[in-house]
Amino acid sequence: MQVLVTGATGHTGRHVVAGLRAAGVDTRVHVRDPLKAPEGVDVVRGDISAPAEAAAGVDAVYLLWPFFSAGGIEQAVEPFRGKKIVYLSAMSAEDGGVWSDVEAAVRKVTDDWTFLRVTGLATNALAWAPQVEAGVVRAAYGQAKRSVVHERDVADMAVKALTEDHAKQIYLVTGPESVAQAEQVRLIGEALGKPVMWEEQPPEEAKAQLSVHLGAEFAASAVDYWASLVEDPEPVSLDVARVTGHPARPFGEWAREHFS
Ligand SMILES: NC(=O)c1ccc[n+]([C@@H]2O[C@H](COP(=O)([O-])OP(=O)(O)OC[C@H]3O[C@@H](n4cnc5c(N)ncnc54)[C@H](OP(=O)(O)O)[C@@H]3O)[C@@H](O)[C@H]2O)c1
């Protein structure tokens, strides 16, 4: 059996590769820059929009679609027809949007799909790093409670799904608790051994700032979503524990690994 990992240089993909290698699984990666590829694996250079060469001969695929639009997805997944596909999706796939469109395209090419729907990745907090350095993180909705998940838990789920039978399963992949964004920042400070403060940013300012990278529509929906999480925290799922056999890693552990 050979498994193809897309996004292998990314936060989850690199751990998926490590997990597959540790399990003795023949692994291939599809990367834009072979110099950034993990060691000890078969490497195929290319863009995720055209994975035919990388897909040839593999049995299973860890699929990332790192775009805010699903344009081109049908052609991109065609080379994976009939193969096992484990797709890193989002809880918001329930409400339509890019993740829902990618899931639909995946269902059209295979019956052996697994969707890992994450609420949010803990690695999003790395965007705060420059402000953490300065001791104050200025962002919107510090009391938004998020069940962000450690990237290694996502990877552990992916390795299970890629190497066992999890066909037609949709897993909600979360951390073990919902943690307010201001508390996440406090935990990062604790990991660093210095206080890091939260400074509340007006929502309209946050939207304008985020729209530079995310586009206006996506930035606005993200900030409005955080607003909703002040009263209504993100759900906590036991799927990581059920599938991997270990509890999801808490945010404090993630902070110690990345900030101390
Ligand atoms: N962040 C969240 O909270 C969240 C929530 C729900 C779902 N997700 C999903 O998780 C995915 C991963 O998110 P992340 O921010 O942690 O990213 P990431 O996995 O750390 O990085 C993106 C990966 O995609 C690769 N990539 C980017 N454009 C590519 C292209 N055109 N062709 C081939 N590979 C390409 C990058 O490779 P290079 O090294 O070449 O750049 C990198 O390996 C997102 O795309 C999203 O769909 C994220």
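When a ligand or atom number is given, it counts from 1 through the structure's own listing order. Note that the structure is a prediction, hence the values are computed from the model and not measured.
Within 4.0 Å of ligand 1, protein heavy atoms come from Gly7, Thr9, Gly10, His11, Arg32, Lys36, Asp47, Ile48, Leu64, Trp65, Pro66, Phe67, Leu88, Ser89, Ala90, Trp99, Val118, Gly120, Leu121, Asn124.
Side-chain polar atoms of Thr119 and Thr174 form no donor-acceptor pair below 3.5 angstrom.
Atoms CG and OG1, on Leu88 and Thr12 in that order, are 5.0 Å from each other to the nearest 0.5 Å.
The pair Arg117-Glu103 meets the salt-bridge criterion, with a side-chain N (NZ, NE, NH1 or NH2) lying under 4.0 Å from an Asp/Glu carboxylate O.
Residues meeting the ring-ring contact (aromatic ring centres under 6.0 Å, His included) test with Phe218, sequence neighbours left out: Phe68. By the side-chain contact (heavy atoms from CB on, under 4.5 Å) test, Asp224 is found to be paired with Lys207, residues two or more places apart in sequence or in another chain being considered.
Applying the ring-ring contact (aromatic ring centres under 6.0 Å, His included) rule to pairs touching residues 160-184 yields His166-Tyr171, sequence neighbours excluded.
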